[in-house]
2 protein chains.
Amino acid sequence: MQLNVRFKMNDKLYLKNPEDSAVGRQIVSEGLKMINKLGFEVFTFKKLATEIHTTEATIYRYFENKHRLLVYLMTWYWSYLEYKVVFSINNLSSAEIKLKTIIKLLVVEPAHTQEDQFISEWEAYQLMKWEGSKAYLTRNVTKDNKNRLFKPYKDLCSRISSIIKEYNPKYKFPNFLASTVLEMSHSQKFFMENLPALTDSPEKNDDKLITFLQDLIFHTLKK
Amino acid sequence: MQLNVRFKMNDKLYLKNPEDSAVGRQIVSEGLKMINKLGFEVFTFKKLATEIHTTEATIYRYFENKHRLLVYLMTWYWSYLEYKVVFSINNLSSAEIKLKTIIKLLVVEPAHTQEDQFISEWEAYQLMKWEGSKAYLTRNVTKDNKNRLFKPYKDLCSRISSIIKEYNPKYKFPNFLASTVLEMSHSQKFFMENLPALTDSPEKNDDKLITFLQDLIFHTLKK
DNA sequence: CAAATAACAATAGTATTACTATCTTTTTTA
DNA sequence: TAAAAAAGATAGTAATACTATTGTTATTTG
């Protein structure tokens, strides 16, 4: 089975929908790869234009600036993660198993092989790890938030939050806990790979992080 | 009592020690304020030079680029936090009370009044909240880390980690937990103020965040 | 099928950024 | 008080982050 997911993207994210044309799709998919390769600060529309044999002007017809492209990509990934979460816990009846499944899903790096999707899952995962928080750590958060650009992130968070409530309806801080797990599943991986002294897993050992997060969640939610 | 703290800064952080001259100190203290005002991306050395009535060239004699200034400031703040942590738990014998004290210290915004220090604590706290992770989320992490630029952050983390171990010597993930608390004490505050849907505290209510983090830590460390 | 229209390429141009270089003046220190 | 160091003044460059214009090529629609 070769599944191909698409999400309805907020139209404030772009000037012209990149999904509607070949160039548009290239801007998004190659842009993602290039941001990962160079880092967001070094990435420019000029470089991307050269890479995909188009012009800067063309890219600017799709995205207002490179930050919008970043938010577009992150938004796609958050939606994708919510989809994966929903899919993975489908038919599971125990909230405990649901939460365990979600943590694994968040921590484990997706496979890199044969990805012929519009947006590469593996690349999106790398982006989350390295540039994810830059989507909201700007002076435009409030405006962007009003434009509902972070809705997919909030939806993902509240999806996890509701399972936390399912597990322990009396727990007072399901959103804090959900966003903590979400944030930490990515940033602790960054630490493991780049600043291992901040972690307890010097090698790329996902199991320890999974155990840590599961412990954290279930001890906290103990009834 | 008017205490004035100074830390030995890593000399890889600057080209010329800004503490040694009036302009240097202005670059640091006004630079901090300006980054907070404009946001790191919009901040430039040119603008800072105009503000403090000096030239770009002069600033470049102190710092290689604006990212180095950011790391300098963050490094100062991490050292300062460690100092505050050590100071605040001095004479406390119970590891539990130590951890509770530290969480409060991390979460509560410092007072803004009459700060005649070289670096304003309140401004540094804002910087941590808005730009903190940008210090390490770059393609230079590894190099910067080799130059020991993140040592103060690691020291702060391991300081907390050792109290966690003191509280429960059998706990397997003291570093994960310490860095989680450290990161979350700042980024959940950012969420509370800017993306409250991700939290359980719509108003600026520190108590809830403090309770959440204390719960998190003590349930996790339950023997 | 022709005409209209939208999309894209090509090109040019501007203000700002992120620097480097050089020379002069001022301040510090020996 | 002379030498050295720091700062100021000024200039310049390559790259960035855009905007605008015009011509060309697809695509849509009447």
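Naming: A, B, ... by sequence-line order, numbering from 1 per chain.
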Asker: Measure the distance from CD on A:E19 to C1' on C:dA7 and round it to the nearest whole Å.
Answerer: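 Rounding to the nearest Å, CD of A:E19 and C1' of C:dA7 are 18 Å apart.
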Asker: Whole Å only: how far is the CG atom of B:L15 from the C1' atom of C:dA21?
Answerer: 15 Å
Asker: Is a salt bridge present between A:D206 and A:K189, judged by a nitrogen-to-oxygen distance below 4.0 Å?
Answerer: yes
Asker: According to salt bridge (charged side-chain N to carboxylate O under 4.0 Å, His left out), does anything in residues 118-136 of chain A pair up with another residue at least two apart or in another chain? List the pairs.
Answerer: A:E41-A:K134, A:K84-A:E121, A:K129-A:E193, A:E131-A:K134, A:E131-B:R139
Asker: Going 5' to 3' along DNA chain D, which are the first and last nucleotides with any atom under 4.0 Å from a heavy atom of chain A?
Answerer: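 Terminal contacting nucleotides, 5' to 3': D:dT16 to D:dA20.
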Asker: Can you confirm whether A:Q214 sits close enough to A:T211 that some side-chain heavy atom of one is under 4.5 Å from a side-chain heavy atom of the other?
Answerer: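 A:Q214 does not reach A:T211 side chain to side chain.
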Asker: Got A:Y62 and A:V23 here, is their nearest side-chain heavy-atom distance under 4.5 Å?
Answerer: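 Side-chain contact under 4.5 Å: yes.
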Asker: In whole angstroms, how far is the P atom of C:dA6 from the CZ atom of A:R61?
Answerer: 14 Å
Asker: So that I can tick it off, tell me whether B:R159 and B:D155 are bridged by a salt bridge, with the cut-off set at under 4.0 angstrom between side-chain N and carboxylate O.
Answerer: no
Asker: Below 3.5 Å between N/O atoms, which protein atoms pair up with nucleotides 24-29 of chain C? Just atom names and distances, please.
Answerer:
none

Asker: Measure the angle between the two terminal helix axes of the helix from C:dC1-D:dG30 to C:dA30-D:dT1, five base pairs each, and quote it to 10°.
Answerer: 30°
Asker: Check this for me: does any side-chain nitrogen of one of A:D144 and A:R68 sit under 4.0 Å from a carboxylate oxygen of the other?
Answerer: yes
Asker: Can you see whether B:F176 has A:K208 sitting over its ring - NZ or CZ less than 6.0 Å from the centre and within 45° of the normal?
Answerer: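 No - A:K208 does not lie over the ring of B:F176 by the 6.0 Å and 45° rule.
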Asker: Do A:D20 and A:R25 meet the salt-bridge criterion of a basic N to acidic O distance under 4.0 Å?
Answerer: no
Asker: Find the distance A:N17:CG to C:dA7:P and express it as a whole number of Å.
Answerer: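 Rounded to the whole Å, the gap is 11 Å.
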Asker: May I ask you to test the A:L177-B:F212 pair for a side-chain heavy-atom distance under 4.5 Å?
Answerer: yes
Asker: Tell me whether the rings of B:F43 and B:F45 are parallel (<30°), tilted (30 to 60°) or perpendicular (>60°).
Answerer: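 The rings of B:F43 and B:F45 stand perpendicular, inter-plane angle above 60°.
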Asker: Taking ring-ring contact (aromatic ring centres under 6.0 Å, His included) as the definition, give me every residue that meets it alongside A:Y72, ordered by chain and number, with sequence neighbours left out.
Answerer: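 Testing A:Y72 for ring-ring contact (aromatic ring centres under 6.0 Å, His included), a comparison that skips the adjacent residues, returns A:F63.
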Asker: Where the side chain of A:H67 meets the backbone of A:A135, is there a donor-acceptor pair that is under 3.5 Å apart?
Answerer: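 Answer holds: yes.
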Asker: Give the residues of residues 26-59 of chain B touching DNA chain C, defined as any heavy atom closer than 4.0 Å, sorted by residue number.
Answerer: B:T44, B:K47, B:E56, B:A57
Asker: How many Å lie between CZ on A:F63 and C1' on C:dA7, as a whole number?
Answerer: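 For the pair A:F63 CZ and C:dA7 C1', the rounded distance is 16 Å.
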Asker: If we only count heavy atoms from C-beta on, is the A:L70 to A:F40 side-chain gap below 4.5 Å?
Answerer: yes
Asker: Could you state the atom-to-atom distance from OH of A:Y60 to C1' of C:dT14 in whole Å?
Answerer: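 The answer, rounded to whole Å, is 13 Å.
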Asker: With a 4.0 Å cutoff (strictly under), does any side-chain N or O of A:Y62 reach OP1 or OP2 of C:dC8?
Answerer: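 Answer is yes, contact under 4.0 Å.
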